[in-house]
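Below: the structure, in structure tokens.
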Amino acid sequence: MKIAPIRDEKDYQKALDRLENIFDAKKGTEEGDELEILSILIDRYENENFPIGMPDPIEAIKFRMEQMGMKQKDLAEVVGFKSRVSEILNKKRKLTLDMIRKLNTTLHIPTEVLIQDY
């Protein structure tokens with residue numbers, strides 16, 4: 001097992017290739033240990049070099065509604081009137097702190113996403 005830091009794209013590709021070769025390694029074996037360490041190094045490199053930003057709050061609400069099979073009228077039960085839901089989803093009305101709390105509790109969208117500017 002020869003493990004080295006991932007410093008550039010070439011090292012990253014080499015690590016991915018090796019990870020693919022040992023992907024089914026059993027835990028507790030030498031290859032299993034290598035797999036675990038490579039996974040950590042790859043994850044760190046990806047987080048530093050390919051960060052994924054947080055989604056737009058309104059798009060997150062729409063996505064979650066779709067996942068849960070909710071309609072605007074269902075969301076009205078959470079944030080108030082149906083017209084208010086329409087204004088929020090069309091970005092004509094900002095989310096209030098109370099709405100953010102209810103959306104977090106009901107739709108399980110992280111507050112860090114909901115409090116962002118849009």
Side-chain angles (χ1 to χ4, degrees):
M1 169 169 62
K2 182 178 182 239
I3 296 192
I6 301 173
R7 294 188 179 102
D8 55 30
E9 188 67 30
K10 183 179 174 188
D11 292 342
Y12 174 63
Q13 194 56 53
K14 187 176 171 183
L16 287 176
D17 291 343
R18 178 63 183 152
L19 183 79
E20 188 175 326
N21 288 335
I22 62 171
F23 191 76
D24 293 324
K26 301 251 187 263
K27 199 172 192 166
T29 65
E30 188 174 326
E31 281 190 339
D33 292 345
E34 183 181 3
L35 174 68
E36 188 174 346
I37 294 167
L38 269 179
S39 299
I40 293 167
L41 291 173
I42 290 169
D43 183 55
R44 181 173 169 240
Y45 182 83
E46 289 175 343
N47 288 336
E48 288 176 2
N49 293 281
F50 313 114
I52 298 173
M54 284 200 267
D56 174 83
I58 303 307
E59 293 307 314
I61 293 169
K62 290 177 181 178
F63 178 72
R64 191 67 179 125
M65 286 174 63
E66 185 180 315
Q67 283 184 321
M68 297 174 75
M70 292 178 73
K71 305 264 186 249
Q72 283 192 19
K73 66 177 180 154
D74 301 320
L75 194 59
E77 296 174 15
V78 178
V79 297
F81 304 104
K82 192 174 179 182
S83 60
R84 185 173 295 154
V85 171
S86 181
E87 290 173 340
I88 289 168
L89 295 179
N90 289 311
K91 298 184 179 183
K92 293 180 179 179
R93 178 185 286 264
K94 297 286 185 183
L95 295 170
T96 66
L97 183 58
D98 187 50
M99 288 178 197
I100 290 170
R101 286 179 179 144
K102 288 177 181 177
L103 289 166
N104 171 257
T105 303
T106 307
L107 302 181
H108 306 288
I109 300 172
T111 53
E112 299 83 30
V113 171
L114 295 170
I115 63 171
Q116 296 179 98
D117 282 331
Y118 56 91

Is any side-chain N of the basic residue among Arg93 and Glu87 closer than 4.0 Å to the acidic one's carboxylate O?
yes

Is there a path of hydrophobic side-chain contacts, each under 4.5 Å between heavy atoms of I/L/V/M/F/W/Y residues, joining Met65 to Phe63?
no

Decide yes or no on side chain to side chain contact (heavy atoms under 4.5 Å, CB included) for Val78 and Val85, but give the supporting numbers first.
CA-CA 9 Å; Val78 178; Val85 171; over 6 Å; no

Assess whether atom CD of Glu66 is packed by more than 12 heavy atoms of other residues, nucleotides or ligands within 6.0 Å.
no

Distance in Å, Arg64 CZ paired with Leu75 CG, rounded so as to fall on 0.5 Å steps:
12.5 Å

Spatial distance of atom CD1 (Ile6) from atom OH (Tyr12) [nearest 0.5 Å]:
8.0 Å

Please list every donor-acceptor pair under 3.5 Å in which a side-chain atom of residues 36-43 meets a protein atom from a residue at least two apart or in another chain.
| residue | atom | partner | partner atom | Å |
| --- | --- | --- | --- | --- |
| Ser39 | OG | Leu35 | O | 2.8 |
| Asp43 | OD2 | Asn47 | ND2 | 3.4 |

What residues form a salt bridge (Lys or Arg N to Asp or Glu O under 4.0 Å) with Asp56, not counting sequence neighbours?
Lys91

Would you call Glu48 and Arg44 a salt bridge, taking side-chain N to carboxylate O under 4.0 Å as the test?
yes

Which heavy atom of Gly32 sits nearest a heavy atom of Ala25, and at what distance?
N-CB, 3.6 Å

Out of curiosity, does Phe50 fall in the hydrophobic cluster containing Met54 (side-chain heavy atoms, cut-off under 4.5 Å, transitive links)?
no

Tell me, do Asp11 and Tyr45 make a side-chain contact under 4.5 Å, heavy atoms counted?
no

Of all heavy-atom pairs linking Tyr118 and Pro57, the shortest is CD2-CG, 3.8 Å

Indicate the atoms forming the closest heavy-atom contact of Ile88 with Met99, along with that distance.
CD1-SD, 3.4 Å

Can you name the residues that form a salt bridge (Lys or Arg N to Asp or Glu O under 4.0 Å) with Arg18, not counting sequence neighbours?
Glu31, Glu34

Find the distance between CG (Leu97) and OG1 (Thr111) and round it off to the nearest 0.5 Å.
10.0 Å

Taking atom CD of Glu30 as the centre, does the number of heavy atoms from other residues, nucleotides or ligands within less than 6.0 Å exceed 12?
no

Taking the side chain from Asp8 and the backbone from Lys10, do they hold a donor-acceptor pair closer than 3.5 Å?
yes

Does Glu20 CD have over 12 foreign heavy atoms under 6.0 Å away?
no

In Å and rounded to the nearest 0.5 Å, what is the CG to NZ distance from Asp117 to Lys94?
6.0 Å

Just verifying a value: how many Å separate Ile100 CD1 and Gln116 CD, rounded to the nearest 0.5 Å?
10.5 Å

Run the side chain to side chain contact (heavy atoms under 4.5 Å, CB included) check on Thr105 and Lys102 step by step: do they pass?
CA-CA 5 Å; Thr105 303; Lys102 288 177 181 177; 5.8 Å; no

Heavy-atom donor-acceptor pair, Thr29 side chain to Lys26 backbone, under 3.5 Å
yes

Rounded to the nearest 0.5 Å, the CD atom of Gln67 sits from the CG atom of Leu107 at a distance of 10.0 Å

Do Asn104 and Ile109 have side-chain heavy atoms sitting under 4.5 Å apart?
no

Gln72 side chain near Leu89 side chain, heavy-atom distance below 4.5 Å:
yes

